[in-house]
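Mind having a look at this structure? Questions to follow.
Residue numbers begin at 1 in each chain, while the letters A, B, ... track the order of the sequences.
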2 protein chains.
Amino acid sequence: MTEVTDAPNPRADFGRRLRQLRRDRGWTLSEVAERSGLAISTISKAERGVISLTYDRLSQLARGLEVDLAAFFNAEGQSFEPGSFAVARKGEFKRQETVNYVYEMLFPDMWNKAMTPMMGSLKARELVDFEDFVRHPGQEFLVVMEGVVTVFVEGRAPVRLEAGDSIYFDSAVGHLYASDGERDARILVVCAPGPGA
Amino acid sequence: MTEVTDAPNPRADFGRRLRQLRRDRGWTLSEVAERSGLAISTISKAERGVISLTYDRLSQLARGLEVDLAAFFNAEGQSFEPGSFAVARKGEFKRQETVNYVYEMLFPDMWNKAMTPMMGSLKARELVDFEDFVRHPGQEFLVVMEGVVTVFVEGRAPVRLEAGDSIYFDSAVGHLYASDGERDARILVVCAPGPGA
DNA sequence: CAAGGATTTTTCCAATAGGAAAAAATGTGT
DNA sequence: ACACATTTTTTCCTATTGGAAAAATCCTTG
């Protein structure tokens, strides 16, 4: 016995979205049924929130409607000694310089760490040389500690980050940081080798 | 008798992702069960691809894991799309609470990241319960953003860290953080799975 | 407005999901 | 190695889903 609830049923929303999706395409139930391999009745019920589709069917349906599964929801839219540890005191870092940045590796004498944390300084209004995108395997995480930083990711619009903001990306994609404010910026970068490292 | 199919079952992928998501948080099945309201067995089966969850359950599960539903799907295949990136704005984090800390996972809807960055707050002079050392595989990196923090590493003398200081250690060793100052402390923690993860 | 085709909703039943509890496996400390 | 606690997997059973076909609704046209 299906209750007549107009409470914000989770599936009701989904159903509406589904129907919308179908009608946007001007398709009928049977058309979608054919494309997806589901039964007409199933789709009908799903659209009205009578039933709650299983992952399998959702998956099929997505293919049938030619949308990414996510579209349905977008609702809201290591010789590191085991057991060891190390402390890095502010200011006691080992300095390194590259063309683009000045940074200090935090635990230089531990090797095979799963992560490589670095503190970096970006001089205010440093020239950004677009020829020098940095690329390397693995993933990278950056937090802005002070100042404002613009991150250039190859093929994407620049991202402006303020203190407290962070970004996570695939290091294999060309990237570049630059201070964006009047002051020097201070960043923390943590690199990790990719899954297959 | 479950067939031993290693065929690219659509749900198998999903299941793996699910398990990953749960383990990233260090949660047990029953923990997720409680948070999501689903039965333990259901989650277990879903993770192993034995069953195909319905939309309703998926929805609940997403809430329980504190991820956007879309996060389950975005990566139809791989995790952390090669070449992708994500930005976390200060204050736009997803809150999580444990017995000892309040922290916000920074990129909750990307899974299989090589690193798991979190921002945490430690209430001033919170009682430290030494019975509750935290232990999990992998390595951990902590930076103090604000305040003063004492890190207790099992079997070692407590380490006092001030803003800008950081510590890197093996997460398998019992560890515990506590704010040590008058003010609340703010920390950034990055976890990485160990070599054999 | 009646007839006929197209589309959607219902009905009925087999297939599958989901939960409670038992069983197995996996970890702890002693 | 042992018992003990914790976590995961199985088992067993009920509730729900999903499909085929029948019934109802909605066009369109004469």
Side-chain angles (χ1 to χ4, degrees), chain A residues 1-5 9-12 14-16 18-65 72, chain B residues 1-5 9-12 14-16 18-65 72 99 130-138 154-155 171-174 194 196:
Chain A
M1 195 64 49
T2 316
E3 300 300 322
V4 184
T5 337
N9 192 315
R11 22 169 128 160
F14 171 76
R16 270 187 287 280
L18 197 53
R19 179 154 288 186
Q20 189 58 49
L21 228 37
R22 175 170 64 86
R23 296 213 160 130
D24 283 351
R25 266 145 252 246
W27 292 347
T28 74
L29 284 175
S30 58
E31 211 158 342
V32 176
E34 186 164 357
R35 286 166 184 272
S36 64
L38 294 187
I40 294 180
S41 55
T42 303
I43 303 169
S44 169
K45 290 172 195 164
E47 287 187 350
R48 285 171 299 133
V50 176
I51 64 174
S52 166
L53 294 179
T54 58
Y55 180 85
D56 289 357
R57 311 301 153 189
L58 282 172
S59 189
Q60 286 186 57
L61 200 46
R63 276 204 304 283
L65 287 168
F72 285 156
Chain B
M1 194 63 48
T2 316
E3 297 302 322
V4 184
T5 334
N9 193 313
R11 17 169 129 161
F14 172 77
R16 269 187 288 280
L18 197 54
R19 178 155 289 185
Q20 186 61 47
L21 226 39
R22 174 170 66 84
R23 297 216 160 129
D24 280 352
R25 290 165 175 64
W27 292 347
T28 70
L29 284 175
S30 59
E31 212 158 339
V32 175
E34 185 163 359
R35 285 166 184 272
S36 64
L38 295 186
I40 294 180
S41 54
T42 303
I43 303 168
S44 170
K45 290 172 194 165
E47 288 187 350
R48 283 171 299 134
V50 175
I51 63 173
S52 166
L53 293 179
T54 58
Y55 180 86
D56 287 359
R57 311 299 155 185
L58 282 173
S59 186
Q60 287 187 57
L61 201 47
R63 274 204 304 285
L65 287 169
F72 283 155
V99 203
F130 281 98
E131 303 307 310
D132 277 47
F133 268 126
V134 177
R135 260 174 283 262
H136 50 94
E154 198 168 26
S171 310
V173 178

Show me the protein contacts with nucleotides 6-8 of chain C, counting only N or O atoms at under 3.5 Å.
residue, atom, partner, partner atom, Å
C/dT8, OP1, A/R22, NH1, 3.1
C/dT8, OP2, A/L29, N, 2.7

Which is more 5' along DNA chain D, the nucleotide nearest B/R57 or the one nearest A/K45? Just name the residue.
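Of the two residues, B/R57 wins.
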Side-chain touch B/I40/B/T28, heavy atoms, less than 4.5 angstrom
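No, too far: nothing below the 4.5 Å cut-off.
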Just wondering, do A/L29 and A/R22 contact through their side chains at under 4.5 Å, heavy atoms?
yes
Please report the distance, rounded to the nearest Å, between CG in A/L58 and P in C/dA17.
12 Å
Under a 3.5 Å distance rule, please check whether A/S36 uses its side chain to pair with a backbone N or O of A/V32 as donor and acceptor.
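Checked: pair present.
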4.5 Å side-chain heavy-atom contact, B/E31 and B/E34:
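Side-chain contact under 4.5 Å: no.
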D/dG18, C/dA21, C/dG18: which one has an atom nearest the side-chain heavy atoms of A/L53?
D/dG18
When you compare the side chain of B/L65 with that of B/L18, does any pair of heavy atoms fall below 4.5 Å?
yes
Can you find a pair of side-chain heavy atoms, one from A/F14 and one from B/L58, that are under 4.5 Å apart?
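Of all side-chain heavy-atom pairs linking B/L58 with A/F14, none is under 4.5 Å.
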Base of D/dG18 paired with side chain of A/S41 (donor-acceptor, under 3.5 Å)
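Between D/dG18 and A/S41, which were checked side chain against base, a qualifying N/O pair under 3.5 Å is absent.
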Side-chain donor/acceptor contact of B/T42 with base of C/dA17 under 3.5 Å:
no
